[in-house]
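Okay, so here's the structure we're looking at.
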2 protein chains.
Amino acid sequence: MIRTVPKVSDAHREQRREQILIAAWKCFARNGFHSTSMADVISEAGLSAGAVYLYFRSKEEIILAVAGQVFTGIAGRMAELFEREPPPSPAEVAGFLIEQPVLARAQTPGDLFPLLLAVWAEATRNPILADLADEILGALRQQITRLFERWESTGQDLRIPARDLAPVLVSLVQGFVTQQALVGNPSPETYRQSVVALFDAAGLGPAQPAG
Amino acid sequence: MIRTVPKVSDAHREQRREQILIAAWKCFARNGFHSTSMADVISEAGLSAGAVYLYFRSKEEIILAVAGQVFTGIAGRMAELFEREPPPSPAEVAGFLIEQPVLARAQTPGDLFPLLLAVWAEATRNPILADLADEILGALRQQITRLFERWESTGQDLRIPARDLAPVLVSLVQGFVTQQALVGNPSPETYRQSVVALFDAAGLGPAQPAG
DNA sequence: GTCTATATCCGGATAGAC
DNA sequence: GTCTATCCGGATATAGAC
């Protein structure tokens with residue numbers, strides 16, 4: 001006569017975690033990690049303290065989960081670029097990355113960009129996040145480097161070592177995120193256009209003749 | 001028979017404030033704003049709580065003072081570029097800004113860059129810092145724009161509106177700061193070289209013929 | 001002017017009822 | 001599994017002696 005444990009278990013558990021992470025995402029985007037209290041997250045999630053602590057051991061654990069999603073979300077859309085034929089030019093890669101800095105959970109970039117700044121700042125202090133940042137940023141650079149090399153292999157001239165140009169391209173995205181978060185401009189369209197024009201002028205655009 | 005107030009007053013007062021700000025600078029660079037306690041700052045300054053609160057009303061006030069110095073320090077070295085004759089090319093401006101992101105109080109960039117990320121993140125939440133960021137970033141962009149226009153006036157072709165290219169250049173600096181803070185590379189030399197090469201290739205270098 | 005000691009508050013995490 | 005009430009540590013800011 002042993003009653004079975006409630007059947008909800010697994011799916012329910014995942015759903016609850018998601019619910020909490022979405023709430024935390026919103027709070028962190030609004031107020032950053034440190035000005036957000038557990039009470040804020042709990043209230044936003046519409047749960048109780050006891051419930052939240054059943055799914056996450058600590059605030060730290062929630063921060064790591066959210067920050068991890070933000071980080072990995074950035075590199076997520078890269079695969080698409082590898083499928084293009086012919087291989088995209090550096091100008092195209094740059095334009096793509098600026099257009100789609102992240103999708104992930106954010107509906108509006110207004111939510112995402114300040115959160116990104118918070119994650120970067122936190123990563124300079126939290127060893128676990130620092131490791132993650134190292135891994136993700138390394139992978140992103142490597143993928144960009146490979147895309148450049150593929151483009152070179154079609155007979156184009158990069159003029160700068162692919163390995164060295166990749167961080168420059170990453171900068172263009174990070175700087176855009178930073179300026180958007182700080183002052184709300186330039187617009188993605190204007191900025192993208194300027195960057196693409198710069199790459200075009202440098203002979204790294206789509207329509208450049210080989211050599 | 002009224003005793004005069006101690007003569008140290010003014011100079012001493014400034015010196016004490018400096019002492020506290022330097023201590024706060026160090027603490028904030030190490031641990032960020034929110035993980036730094038007043039006890040940390042007080043201990044680093046070698047003073048007592050009572051003394052510190054005599055010169056600053058609150059932790060908030062200290063944060064604002066330090067963040068303000070960090071922000072304004074960035075735009076400080078720009079004047080030098082305006083004195084150069086002939087006007088520097090965009091490549092030269094970019095190279096200069098990457099070399100000298102800030103001098104200010106930081107002995108080593110290792111101290112400065114994480115602090116910069118902390119300030120940027122904080123500015124997305126603190127209205128006073130947000131205003132300051134708006135002001136400083138606006139001024140920086142405008143100065144860069146003017147430098148571009150001066151360069152154009154010597155018969156060079158920028159190909160991109162000066163006003164639109166300025167944020168791109170700012171990005172290249174912000175992205176460098178971010179990547180340095182996160183993973184410690186690329187080196188300033190390598191990065192500067194790549195950026196300058198990109199601008200050169202785009203016809204924005206020092207030795208390009210007019211037209 | 002400077003120090004020590006402390007009042008006060010706030011936030012994270014838990015215990016135990018239901 | 002979930003909620004309420006609460007504990008406890010730590011941090012800011014102050015009071016009062018010297």
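Order of the sequence lines fixes the chain letters, A, B, ..., with proteins taken first and strands second; residue numbering starts at 1 for each chain.
The distance between atom CD of Q19(A) and atom P of dG1(D), rounded to the nearest whole Å, is 14 Å. One atom, NE2 of H34(A), and another, P of dT12(D), lie 13 Å apart when rounded to the nearest Å. Rounded to an integer number of Å, the gap from R16(A) CZ to dG1(D) P is 9 Å. dA11(D) atom C1' lies 18 Å from atom CZ of F33(B), rounded to whole Å. In this entry the distance linking CD1 of I63(B) with P of dA11(D) reads 14 Å, nearest Å. Rounded to an integer number of Å, the gap from CG of D40(B) to P of dG10(D) is 13 Å. Spacing between atom CG of L47(A) and atom P of dT4(D) amounts to 11 Å, rounded to whole angstrom units. Look at CD1 on I42(A): it is 12 Å from C1' on dT4(D), rounded to the nearest Å.
Put simply, the side chain of L116(A) does not reach to within 4.5 Å of the side chain of Q174(A), judged on heavy atoms. Considering only heavy atoms from C-beta on, V177(B) comes within 4.5 Å of W120(B) through its side chain.
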I'd like a table of atom pairs between the protein and nucleotides 13-17 of chain D - only N or O on both sides, under 3.5 Å - with the distance next to each one.
| residue | atom | partner | partner atom | Å |
| --- | --- | --- | --- | --- |
| dA13(D) | OP2 | Y53(B) | OH | 2.9 |
| dA13(D) | OP2 | K59(B) | N | 3.1 |

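Residue contacts for Y55(A): at a heavy-atom cut-off of 4.0 Å it reaches the sugar-phosphate backbone alone, with no base atom in range. Using a 4.0 Å heavy-atom cutoff across all strands shown, S35(A) reaches no nucleic acid atom at all.
Distances shorter than 4.0 Å separate some side-chain N or O of H12(B) from OP1 or OP2 on dT2(C).
Residues R30(A) and E44(A) are paired through a salt bridge, judged by an N-O separation under 4.0 Å between the basic side chain and the carboxylate.
Annotation for R125(A): atom CZ counts as buried by contact number, over 12 foreign heavy atoms lying within 6.0 Å.
Taking every side-chain heavy atom of S37(B) into account, dT12(D) is the closest of dT12(D), dC3(D), dG12(C).
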One pair to check against side chain to side chain contact (heavy atoms under 4.5 Å, CB included): L81(B) and I144(B). What are the steps and the verdict? CA-CA 9 Å; L81(B) 285 175; I144(B) 294 171; over 6 Å; no
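Ring planes of F113(B) and F176(B): perpendicular class, angle over 60° (limits at 30 and 60°).
W151(B) and G205(B) make their closest contact through CZ2-O, 3.9 Å (heavy atoms, listed as atom of the first residue, atom of the second, distance).
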